[in-house]
A.B. asks: 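Let me begin by handing over the structure; questions about it come next.
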Amino acid sequence: MKVVSWNVNSLRVRLPQVLQLIQQASPDVIALQETKLQNQDFPRDELESAGYRLVFNGQRTYNGVALMSRTEPADIITDIPGLDDPQRRLAGATIDGIRFINVYVPNGQALDSDKYQYKLRWLEAFTDLLSEEMAAHKKLLLMGDFNIAPEDQDVYDPAAWQGQVLVSDAERRALKKIMALGLQDTFRLFPQEDSRFSWWDYRAGAFPRNRGLRIDLMLASAEMAELCQAADIDMDSRGHDRPSDHALISADFSS
DNA sequence: ATGGCTGGGTCTCCCAGA
């Protein structure tokens with residue numbers, strides 16, 4: 001089973017690239033973040049014609065996530081219980097007996113911003129939900145744009161980023177708490193070169209200079225981690241004409 | 001050098017992203 005996750009930064013702009021991905025890689029499950037489309041504007045026909053069942057949870061301008069699969073999704077969730085939140089950041093479903101949860105974690109903007117407090121509150125409420133999901137599903141894959149670089153090795157210049165949003169102690173603690181529920185970073189299950197990232201600023205030649213962060217993650221429960229055969233970051237997706245600022249990440253699982 | 005670039009909406013400026 002091939003699974004991919006991609007922050008497309010507008011599905012309207014990136015739809016041709018998603019269709020190309022389908023043609024070239026034919027993933028079994030595709031998680032998208034930052035679709036930036038209301039549900040009524042979601043490109044249903046194009047993606048259903050390409051052979052996918054769709055779960056989408058969208059809003060205008062900001063946020064929006066989707067979960068696409070070759071087979072029928074069941075037990076769909078689109079909200080975090082107990083969190084009254086108009087922002088559309090979650091799409092989960094059971095597909096082929098595996099629980100998939102796709103998240104677009106809030107960015108946080110800056111440590112002194114209200115958005116940072118919202119990010120921490122969101123993560124706390126999400127962790128409660130995830131704890132229940134983990135208890136109910138042995139095979140679980142949590143993926144998406146976490147907007148947190150787990151370790152300094154996931155940051156191109158850790159000294160310059162020290163204490164900033166995306167790497168701050170509170171954010172990393174929140175991520176550790178999520179992983180302590182029994183999740184493993186699939187990317188780190190395999191030997192990796194240094195300085196491999198998943199996001200690069202559009203500005204100042206950040207991508208050609210590889211000044212990036214690894215903030216897009218695919219986290220697997222123990223049972224899923226055992227089945228994981230490979231995990232990768234698709235650099236071509238970021239080198240594309242008119243690219244998203246995020247690369248697509250992928251993992252393969254034996255059935 | 002707190003800039004730069006991109007997408008979307010309020011639409012040729014502003015907000016947000018990370």
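So that the names make sense, note that chain A is the first sequence line, chain B the second, and so on, each numbered from 1.
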A.B. asks: Taking only residues two or more places apart in sequence or in another chain, which ones pass salt bridge (charged side-chain N to carboxylate O under 4.0 Å, His left out) with A:Arg209?
C.D. replies: none
A.B. asks: Sticking with atom P, work out how far B:dA1 lies from B:dT12, rounded to a whole angstrom.
C.D. replies: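 About 34 Å, rounded to a whole number of Å.
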A.B. asks: Assign a letter to each nucleotide of nucleotides 8-18 of chain B from its 5' end: B, base within under 4.0 Å of a protein heavy atom; S, sugar-phosphate only; -, no contact.
C.D. replies: SSS-----SBB
A.B. asks: Write down the distance separating the C1' atoms in B:dA16 and B:dT10, rounded off to the nearest Å.
C.D. replies: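 After rounding to an integer number of Å, I get 14 Å for this pair.
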A.B. asks: For A:Ser255, check side-chain contact (heavy atoms from CB on, under 4.5 Å) against everything at least two apart and list the hits.
C.D. replies: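 side-chain contact (heavy atoms from CB on, under 4.5 Å) check on A:Ser255 returns nothing, list empty.
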A.B. asks: Give the intermediate values and the outcome of side chain to side chain contact (heavy atoms under 4.5 Å, CB included) for residues A:Lys138 and A:Ser221.
C.D. replies: CA-CA 7 Å; A:Lys138 286 280 188 194; A:Ser221 66; 5.9 Å; no
A.B. asks: List for me each residue that meets side-chain contact (heavy atoms from CB on, under 4.5 Å) alongside A:Arg14, sequence neighbours excluded, and say none if there are none.
C.D. replies: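 Residues passing side-chain contact (heavy atoms from CB on, under 4.5 Å) with A:Arg14: A:Trp6, A:Val8, A:Asn9, A:Gln17, A:Tyr202, A:Arg242, A:Ser244.
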A.B. asks: Just grab all the ring-ring contact (aromatic ring centres under 6.0 Å, His included) pairs involving residues 27-52 of chain A, residues at least two apart or on different chains.
C.D. replies: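 As it turns out, the ring-ring contact (aromatic ring centres under 6.0 Å, His included) pairs with a partner in residues 27-52 of chain A, which skip direct neighbours, are A:Phe42-A:Phe56.
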A.B. asks: Show me the donor-acceptor pairs within less than 3.5 Å that the side chains of residues 141-151 of chain A make with the rest of the protein, sequence neighbours left out.
C.D. replies:
unit_1: A:Asp145; atom_1: OD1; unit_2: A:Asn147; atom_2: N; d: 3.0
unit_1: A:Asp145; atom_1: OD2; unit_2: A:Asn7; atom_2: ND2; d: 2.9
unit_1: A:Asn147; atom_1: ND2; unit_2: A:Val105; atom_2: O; d: 2.8

A.B. asks: Can you check the A:Phe207 CZ to B:dT6 P distance for me, whole Å?
C.D. replies: 14 Å
A.B. asks: Using a cut-off of 4.0 Å on non-hydrogen atoms, how would the nucleic acid contact of A:Arg211 be classed: base, sugar-phosphate, or nothing?
C.D. replies: nothing
A.B. asks: P atom, B:dG3 versus B:dC14: distance in rounded Å?
C.D. replies: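 Rounded to whole Å, the distance is 14 Å.
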